[in-house]
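Worksheet: one structure, shown below.
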Amino acid sequence: MKKFQLVIVFLIINFAALGIGSWLMGTGPTSDWYIEQNKAPWTPPGWVFGAAWSTIMICFAIYMAILVKIKPHTFIIGLFTIQFLLNVSWNYIFFNQHLVTFGLIIIVLLTLVITLFLIKYKTILKTATWLIVPYFIWLLIATSLNAYILLNN
């Protein structure tokens, strides 16, 4: 498969994850439960989340397309699948079920998966590694927000 086609495939999968995650979280950030939470002072305004995730998923689609083109391997696809499942499930666990501790465990695991991508393939991808950095940074922020809610509510 050509690199452009791979980018399209990963874009579809990544944005499907965002759509499924949004659907699973129900009213999510607008729910009474979330509004009533004592949130971190560094919690960004709501519109930032959509912009951030759109940018992250575009960058991650390009990253994955380059990685799969250079090194097609079932381990990489397996890691991507785990990332997908953790990403989608966090929305349901945290926003829909209000399981803040379990949500923190999931988001830490997701951060570890993205960290593995970042470290394991940086020598292969070289400068293309920067495409996964926004995902990594955002997960650090999101993990801190989840942890703050856990510790302060």
Side-chain angles (χ1 to χ4, degrees), residues 3 6-25 28-30 34-35 37-71 73 75-96 98-153:
K3 199 181 313 180
L6 284 170
V7 170
I8 298 300
V9 167
F10 282 110
L11 280 171
I12 291 167
I13 295 169
N14 288 348
F15 279 93
L18 291 180
I20 294 166
S22 291
W23 176 68
L24 288 175
M25 76 172 142
T30 60
Y34 184 72
I35 290 169
Q37 295 299 303
N38 183 14
K39 291 178 274 309
W42 59 91
T43 302
W47 66 268
V48 172
F49 290 86
W53 276 113
S54 295
T55 302
I56 287 163
M57 288 305 164
I58 291 167
C59 290
F60 191 48
I62 298 166
Y63 174 92
M64 285 303 301
I66 294 168
L67 181 57
V68 168
K69 190 68 177 167
I70 292 172
K71 189 175 175 101
H73 197 279
F75 179 77
I76 293 169
I77 298 303
L79 207 54
F80 176 81
T81 303
I82 291 167
Q83 170 276 151
F84 179 96
L85 294 171
L86 290 170
N87 193 329
V88 167
S89 66
W90 181 86
N91 292 286
Y92 178 73
I93 297 299
F94 183 85
F95 280 115
N96 191 304
H98 311 151
L99 300 171
V100 179
T101 302
F102 190 36
L104 183 59
I105 292 167
I106 289 172
I107 204 163
V108 166
L109 291 173
L110 178 56
T111 304
L112 291 173
V113 169
I114 296 305
T115 303
L116 183 59
F117 270 118
L118 183 65
I119 293 169
K120 185 169 176 66
Y121 300 110
K122 70 178 178 181
T123 56
I124 296 168
L125 293 177
K126 301 185 186 342
T127 57
T129 299
W130 286 102
L131 290 165
I132 202 168
V133 171
Y135 199 170
F136 176 73
I137 292 170
W138 187 255
L139 286 175
L140 293 177
I141 294 166
T143 301
S144 75
L145 297 173
N146 192 149
Y148 189 93
I149 288 174
L150 176 64
L151 296 172
N152 293 284
N153 289 282

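Just so you know, these numbers come straight off a predicted model, no measurement behind them. Only this structure's heavy atoms are used, side chains among them; waters, hydrogens and symmetry mates stay out.
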Q: List the atom of S144, the atom of W42, and the distance in Å for their closest heavy-atom pair.
A: OG-NE1, 2.9 Å

Q | K69 side chain to L67 backbone, donor-acceptor under 3.5 Å | A | no

(Q) Under the criterion side chain to side chain contact (heavy atoms under 4.5 Å, CB included), I'd like the reasoning laid out for L110 against L139: C-alpha separation, chi angles, the key distance, then a yes or no. (A) CA-CA 8 Å; L110 178 56; L139 286 175; 3.6 Å; yes

Q) Where is the tightest heavy-atom contact between I106 and L86, given as atom of each residue plus distance? A) CG2-O, 3.4 Å

(Q) Using 0.5 Å steps for rounding, measure from the OG1 atom of T115 to the CD1 atom of I132. (A) 8.5 Å

Q | Distance, nearest 0.5 Å, that separates CD1 of I107 from CD1 of I93 | A | 12.5 Å

Q. What's the shortest heavy-atom distance between K126 and T123, and which atoms?
A. NZ-O, 3.0 Å

Q: Drop me the distance from K3's NZ to I62's CD1, to the nearest 0.5 angstrom.
A: 10.5 Å

Q.
For W130 and Y63: C-alpha separation, side-chain torsions, deciding distance, then whether ring-ring contact (aromatic ring centres under 6.0 Å, His included) applies.
A. CA-CA 9 Å; W130 286 102; Y63 174 92; over 10 Å; no

Q | Crowding at CH2, W47 (>12 non-hydrogen neighbours, <6.0 Å) | A | no

Q: Examine F60 together with F10 and report whether their ring centres are nearer than 6.0 Å.
A: no

Q: Please list, chain by chain and in numerical order, all residues satisfying ring-ring contact (aromatic ring centres under 6.0 Å, His included) with H73, sequence neighbours excluded.
A: none

Q. Checking side chain to side chain contact (heavy atoms under 4.5 Å, CB included) for the pair F80/V68: CA distance, chi angles, key distance, verdict?
A. CA-CA 11 Å; F80 176 81; V68 168; over 6 Å; no

Q. Is the side chain of K71 donor-acceptor paired with the backbone N or O of I76 at a distance under 3.5 Å, no angle test?
A. no

Q. Which is it for W138 and V133 under the side chain to side chain contact (heavy atoms under 4.5 Å, CB included) test, yes or no, and what are the steps along the way?
A. CA-CA 8 Å; W138 187 255; V133 171; over 6 Å; no

Q) Donor-acceptor pair, W90 side chain versus G103 backbone, under 3.5 Å? A) yes

Q. Roughly how far apart are L112 CG and I82 CD1, rounded to 0.5 Å?
A. 11.5 Å

Q | Heavy-atom check, side chain of L118 versus side chain of T129, under 4.5 Å | A | yes

Q) How long is the span from the CG atom in L131 to the CZ atom in F117, to the nearest 0.5 Å? A) 13.0 Å

Q. Distance-only, no hydrogens or angles: does the S54 side chain make a donor-acceptor pair with backbone N or O of G50 under 3.5 Å?
A. yes

Q.
My understanding is that only residues two or more places apart in sequence, or in another chain, count here; which of them pass ring-ring contact (aromatic ring centres under 6.0 Å, His included) with Y121?
A. none

Q: Using modelled atom types only, decide if a donor and an acceptor are shared between the side chain of N87 and the backbone of Q83 within a distance under 3.5 Å.
A: no

Q: Please assess W53 against Y135 for the test ring-ring contact (aromatic ring centres under 6.0 Å, His included), listing each intermediate value before the final yes or no.
A: CA-CA 8 Å; W53 276 113; Y135 199 170; 5.6 Å; yes

Q: Considering non-hydrogen atoms only, spot the tightest contact between M25 and P29 and give its length.
A: SD-CD, 3.8 Å

Q | Any donor-acceptor pair under 3.5 Å from N153 side chain to N38 backbone | A | yes

Q: To the nearest 0.5 angstrom, please state how far the CG atom of L140 sits from the CG atom of L145.
A: 11.0 Å

Q. Got a donor-acceptor contact below 3.5 angstrom from the T55 side chain to the A51 backbone?
A. yes

Q.
Quick check: closest heavy atoms across V113 and L79, and the distance to 0.1 Å?
A. CG1-O, 3.8 Å

Q) Step by step, would you call M57 with L18 a side chain to side chain contact (heavy atoms under 4.5 Å, CB included)? A) CA-CA 9 Å; M57 288 305 164; L18 291 180; 3.7 Å; yes

Q: Just do the side-chain hydrogen bond (donor to acceptor under 3.5 Å, both in side chains) check on N91 and W23 with the steps written out, would you?
A: CA-CA 9 Å; N91 292 286; W23 176 68; over 6 Å; no

Q.
Please check: side-chain N/O of N146 versus main-chain N/O of V100, any donor-acceptor pairing under 3.5 Å?
A. yes

